[in-house]
Q: 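Take a look at this one; I'll ask things after.
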Amino acid sequence: MVDAIEDTLRPIPQFWRYETDEKRKEALKKVYVEETLPNYLNNLEKLLKSNNNGEGYFVGESLTWSDLHLLNLLAMLEVQVNLTDPFENYPKLKDLAQRVSAQPPIAGYLAKRPPSTF
């Protein structure tokens, strides 16, 4: 599961950090946002639905590293790719991100963490 999420993140540095040509950067980002990302998010949504119809967590009955890593994906899509609501068309992923964010220790951290571009 973590690898599936990591595969979704892997293309981001190509256009966000490493590419210096602005036209090429925008072209890479466009392909990622319009083609690559929807494919990955569809697959993640399907994987989530395969466990308790997506009403719980990615794996088993409790929070795992995979669920936490989904928040990392969400943050990177919002900050580095500039997407306002990356999970808008993926209701199970959106619900999971909200469930994980609402966990008291995580909610406390999120409320206090400083802004970051990473």
Q: Using every non-hydrogen atom in the two residues, find where Ala4 and Leu47 come nearest and quote the distance to one decimal.
A: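 In terms of heavy atoms, the two residues are closest at CB-CD1, 4.4 Å.
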Q: Under the ring pair (Phe, Tyr, Trp, His ring centres under 6.0 Å) rule, what pairs show up with a residue in residues 63-103, not counting sequence neighbours?
A: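 Listed by first then second residue: Trp65-His69.
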Q: Give a yes or no on whether a salt bridge exists between Asp7 and Arg10, defined as a side-chain N under 4.0 angstrom from a carboxylate O.
A: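 Yes, charged N to carboxylate O under 4.0 Å.
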Q: Please enumerate all residues that pass side-chain hydrogen bond (donor to acceptor under 3.5 Å, both in side chains) together with Lys49, with sequence neighbours excluded.
A: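 If we apply the side-chain hydrogen bond (donor to acceptor under 3.5 Å, both in side chains) test to Lys49, skipping adjacent residues, there are no hits.
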Q: Short question: side chain of Gln103, backbone of Pro105 - any donor-acceptor pair under 3.5 Å?
A: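 Judged by distance alone, no pair lies under 3.5 Å.
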Q: Which value, rounded to the nearest 0.5 Å, describes the distance between Ile5 atom CD1 and Ser66 atom OG?
A: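 Answer rounded to 0.5 Å: 5.5 Å.
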Q: Is there side-chain contact between Asn43 and Glu45, with heavy atoms separated by less than 4.5 Å?
A: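 No, too far: nothing below the 4.5 Å cut-off.
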Q: I want to check something: taking the side chain as every heavy atom from C-beta on, are Asn53 and Leu48 in contact at a cut-off of under 4.5 Å?
A: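 When only atoms from C-beta onward are counted, Leu48 and Asn53 do not touch, as no gap falls below 4.5 Å.
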Q: Consider only side-chain heavy atoms of I, L, V, M, F, W and Y, link residues closer than 4.5 Å, and tell whether Leu9 and Val31 are in one cluster.
A: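 In one cluster: no.
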Q: Using every non-hydrogen atom in the two residues, find where Lys92 and Gly54 come nearest and quote the distance to one decimal.
A: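 Scanning both residues, the minimum pair turns out to be CD-O, 3.8 Å.
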Q: Does the distance from a Lys or Arg side-chain N to an Asp or Glu carboxylate O, for Glu26 and Lys23, drop under 4.0 Å?
A: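 Looking at Lys23 together with Glu26, the answer is no, because their closest N to O distance does not fall below 4.0 Å.
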Q: Determine, step by step, whether Leu70 and Val100 satisfy the side chain to side chain contact (heavy atoms under 4.5 Å, CB included) criterion, reporting the C-alpha distance in whole Å, the side-chain angles of both residues, the deciding distance to 0.1 Å, and the verdict.
A: CA-CA 9 Å; Leu70 184 71; Val100 173; over 6 Å; no
Q: Would you please test Leu44 and Leu73 for side chain to side chain contact (heavy atoms under 4.5 Å, CB included) and show each step?
A: CA-CA 11 Å; Leu44 289 172; Leu73 171 62; 3.9 Å; yes
Q: With rounding to the nearest 0.5 angstrom, report the CD to CG distance, Glu61 to Asn52.
A: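 Between Glu61 CD and Asn52 CG, I get 6.0 Å after rounding to 0.5 Å.
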Q: Begin from the C-alpha positions of Thr64 and Met1 and carry the test side chain to side chain contact (heavy atoms under 4.5 Å, CB included) through to its verdict.
A: CA-CA 10 Å; Thr64 66; Met1 234 10 273; over 6 Å; no
Q: Is there side-chain contact between Gln80 and Leu77, with heavy atoms separated by less than 4.5 Å?
A: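 Heavy-atom side-chain distance check fails, nothing below 4.5 Å.
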Q: With no hydrogens and no angle check, is any side-chain donor or acceptor of Asp21 less than 3.5 Å from a backbone partner on Arg24?
A: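 Looks like yes, one N/O pair under 3.5 Å.
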Q: Is the closest basic N to carboxylate O distance between Asp67 and Arg99 below 4.0 Å?
A: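 Answer for the salt bridge query: no.
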Q: Show the numbers, then the answer: is there a side chain to side chain contact (heavy atoms under 4.5 Å, CB included) between Phe58 and Val2?
A: CA-CA 10 Å; Phe58 274 120; Val2 171; over 6 Å; no
Q: In a table with atom names and distances, give each donor-acceptor pair under 3.5 Å that connects a side chain of residues 33-42 to protein atoms at least two apart or in another chain.
A:
unit_1, atom_1, unit_2, atom_2, d
Glu34, OE1, Lys30, NZ, 3.4
Glu34, OE2, Lys30, NZ, 3.3
Asn42, ND2, Pro38, O, 3.1

Q: Any non-hydrogen side-chain atom of Val81 less than 4.5 Å from a side-chain atom of Lys29?
A: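 Sidechains of Lys29 and Val81: in contact.
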Q: For Ser101 versus Leu71, what's the shortest heavy-atom pair and its separation?
A: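 Where Ser101 meets Leu71 most closely, the heavy atoms are OG-CD2, 3.3 Å.
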